Amino acid sequence: RRAASTPWCHSSPGSMLATISLAHSVLAPRAYARAPRGPRVPRRVHRAIRDCWPNSTTRRNSSRGSNAAADDVTANAVDAAADVSALLLVGFHPDEIQPLTELVGSIAAELELAQEIGVALVNRKSLDKTFADLLEGDDDDDDEEEEETTEEEHGDDDEDMSEAADGMDDLEEQDLDESFDGYEVRPGDWAEESFFETNPNAAAALLPPAVRCVLLRGDGAKALMPHLRWEMQSAGFDPAVFGAFTASNADATIATVATNVVRAHERHWRLSGDPPPVAGTDDVSAESTPLSPYAEEASSQALWATTTAWTGEEGWRASDAVPVMNVLVDAATVPDPSPFGGSVSSADCFRSDASAVVALDGVVGEDLRSALLDAITEPGWDHATSASPPTPMWDRATDDGINGTEEEEEDDSPAGTFRPAPGSWGLTEEGLRQVASDPATQVFLSRIQALYPEYHVRTMPADALEPDGIPGGMGGGSRITTAVGNAAVYGDDFKWHIDMDPCALSPSSPFAERYGLYVNRSAGRPLFVSVLVYLNGPGWTPDMNAETLVLDPGTGTGVFIRPAPGRVLLMDQDVTHRVSTPSAGAKVPRYSLVLKLCFYPKNPEERPRLPRAEWGRPATFGTARGLSSPFAERDGYSE
């Protein structure tokens, strides 16, 4: 997970026969906190690019005429918009435009598309404009006059697109320093009261966090799909959400279209963690409709957020939680993408990063612990003497790593044969479904939400993490689960593993298309968290072992968490860990329930993390030892 990020792209220059580059006609300010200094189009190029739009010359001349003439020009622009095919890029960096334009041209040539297709980068000032507005080019008259004066001085009136693009190479480094202001669309950009007064649609121009999407306008652009998505992934572009202008949103602002496309993607792929409809049922009720992960209210089908009260524990409060471990491990310097979209792999800004492990007592009391244990086994099950959990709710098919040994073939072949060892006890798919819907589980998860009110705590959208959203597509045919039940017994073989790493997902996974491939704890993006609760009662003594072991790979050392009744362990999902087998004297399984969650930050500008200020400064261990750089202070680790 610490490997270098994917480069921009590896595509060779392609044909541009059917493509016009409109990359900088709506050039965006700020895409990264410190965006890479790519080529910036000088003012003299703007007019040459804008001339690619239909009726652009007439529009500039007519806009200074009478109101009636201006109305005619606007009408012409609206009519022209219906005939223009374009790709509007939201959350992309300017350095990506040229290779993407070449890729689009190559695909269009292979498909023998006759219609010209524009490729345009959308800026913050264009978010509250419609597509027709962009064609109309309603820049301030003063800016337009300044551009035309500059163009006349350089004699660029007759340059075509290729000649204009060549002029970018002549831009001096000093000009870059003077003109560069980043390309990021930030909520703060809309905060000035004067801006809202002069731009009534500004509020609608706010985008969801970490947005990166491609909006397709016109038949020519739509004909590129699905080829464009596949080719962009193959060429090394960071993932993006794709959507199209339709008759219903043709006159909507760019921000509205982009937001609707992203929200539809979130709902379709159930990024909120809403469970999919049960196979064999016809449930199409409103209650089964998935919501955005940022929704304030839960759907009735969701696992999360009901009540924190439980019989005998009605007065539970978040302040009852007592941290018994609060530690950082596995430190590294990693890319630090913007929280407001853009390519993750492009960031030249880095941060000091470390994974967190937090153990809490006081979250689950004795009554709730007993109810959770009954939920994962069955009421009345003799947990004190039974050597295994009840079947058929449990089976020995859980595999937390590569279990097995190399054994020689009968013919003494040196290659040998891999013989898998028996899996450990785990809940079956049907058993997990029952546990997820149990009231005790919902109360437990509600208490986790109460501990972290600054996040939308959601169950991990398992299917959306698979390549192309196909369950079992990640490999081996096993479906990713959002919950795991463990019943560790003496003799089990447990392997070091991580639960999930968002930077290791397939670029074709729906989750990666929405948020990119990023290192966990990146600002503006969901934090992957595993929450484990130990469910054995007071009879589980220290000599029975079965601790959870946490590894710091850089030093080969680690920490451990001993099971205690109702103890809750929270870990970033990219923490390397494993279960230690119970001792021979344990005689009974060590039971635990693990929920795999995503914490969606309510404030995307704050970096998500497990340690809380009220729990004190986290201890640093292994490679995280002495983490006290300016990065650590900025990221909240030196509180």
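Values below: every heavy atom of this structure, side chains too, minus hydrogens, waters and symmetry copies. Sequential numbering from 1 along the given sequence is applied to the chain's residues. In this text, all values refer to a predicted model and were calculated from it rather than measured experimentally.
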| task | Determine whether S292 and R263 make a side-chain contact, defined as any pair of heavy atoms from C-beta on separated by less than 4.5 Å. | result | yes

| query | How about D463 and R270: do any of their side-chain heavy atoms sit closer than 4.5 Å? | reply | no

| task | Determine, stepwise, if the pair T259 / L207 fulfils side-chain contact (heavy atoms from CB on, under 4.5 Å). | result | CA-CA 6 Å; T259 298; L207 296 174; 3.7 Å; yes

| message | Could you tell me if the side chain of Y515 sits less than 4.5 Å from the side chain of P526, heavy atoms only? | response | yes

| field | Minimum-distance pair of heavy atoms, taken over all atoms of G91 and R212 | value | O-NH1, 3.8 Å

| query | Heavy-atom distance under 4.5 Å between the side chains of V529 and V457, does that happen here? | reply | no

| query | L89 and E96: side-chain contact (heavy atoms from CB on, under 4.5 Å), yes or no, with the steps? | reply | CA-CA 10 Å; L89 309 177; E96 296 179 280; over 6 Å; no

| Does the N249 side chain pair with the main chain of F245, one donor and one acceptor, at a distance under 3.5 Å? | no

| message | For a quick test of reading the model, state the closest non-hydrogen atom pair linking G469 to P510 and the distance between them. | response | N-CD, 3.4 Å

| note | Of all heavy-atom pairs linking G273 and T459, the shortest is O-OG1, 3.0 Å

| query | With side chains defined as the heavy atoms from C-beta onward, is the minimum distance between I117 and S85 less than 4.5 Å? | reply | yes

| field | Minimum side-chain heavy-atom gap P209-P339 below 4.5 Å | value | no

| field | Spatial distance of atom CD1 (I97) from atom CG (L121) [nearest 0.5 Å] | value | 4.5 Å

| task | Could you tell me the separation between the CG atom of L88 and the CZ atom of R217, rounded to the nearest 0.5 Å? | result | 8.5 Å

| remark: Closest heavy-atom pair, L111 versus A223, reported as atoms and distance to 0.1 Å, is CD1-O, 3.5 Å

| Donor-acceptor contact below 3.5 Å, side chain S106 vs main chain E102 | no

| field | Where P608 and L527 come nearest, the two heavy atoms and their spacing | value | CB-CB, 3.8 Å

| Exam field: side chain T130 to backbone D251, donor-acceptor pair closer than 3.5 Å | no

| message | Contact between L87 and L224 at the side-chain level, heavy atoms closer than 4.5 Å - yes or no? | response | yes

| message | Under the rule for ring-ring contact (aromatic ring centres under 6.0 Å, His included), what residues qualify as partners of F599, not counting sequence neighbours? | response | Y452, Y455

| request: Give a yes or no answer on whether the side chain of S126 reaches the backbone of K129 with a donor-acceptor pair at less than 3.5 Å. | output: no

| request: Return yes if some donor-acceptor pair links the side-chain N/O of S522 with the main-chain N/O of V519 below 3.5 Å, else return no. | output: yes

| field | Mutual orientation of the aromatic rings belonging to W269 and H265 [parallel < 30°, tilted 30-60°, perpendicular > 60°] | value | tilted

| Pairwise side-chain contact, M500 with I480, heavy-atom cut-off 4.5 Å (strictly under) | yes

| request: Any chance you could lay out the side-chain contact (heavy atoms from CB on, under 4.5 Å) test for Y600 and L271, step after step, and finish with the verdict? | output: CA-CA 10 Å; Y600 292 82; L271 298 191; 4.0 Å; yes

| task | With rounding to the nearest 0.5 Å, note down the distance linking CD in Q233 to CG in D238. | result | 11.0 Å

| Which distance, rounded to the nearest 0.5 Å, do you find between the CE of M225 and the CG of L216? | 6.0 Å

| query | Do R351 side-chain atoms and D336 backbone N/O form a donor-acceptor pair below 3.5 Å? | reply | no

| message | Does anything in residues 503-514 form a salt bridge (charged side-chain N to carboxylate O under 4.0 Å, His left out)? List the pairs, not counting sequence neighbours. | response | R229-E513, E266-R514

| query | Quick one: does S506's side chain have a donor or acceptor within less than 3.5 Å of a partner on P467's backbone? | reply | no

| task | To the nearest 0.5 Å, tell me how far L215 CG sits from F131 CZ. | result | 10.0 Å

| Of all residues at least two apart in sequence or in a different chain, which pass the ring-ring contact (aromatic ring centres under 6.0 Å, His included) check with F528? | F511

| field | Separation between SG of C598 and CD of Q573, rounded to the nearest 0.5 Å | value | 6.5 Å

| CG/D219: more than 12 non-hydrogen atoms of other groups inside 6.0 Å | no

| field | Nearest heavy-atom neighbours spanning L505 and S509 | value | CB-OG, 3.9 Å

| request: Evaluate side-chain contact (heavy atoms from CB on, under 4.5 Å) for D133 paired with T253, printing each intermediate quantity in order. | output: CA-CA 9 Å; D133 290 337; T253 65; over 6 Å; no

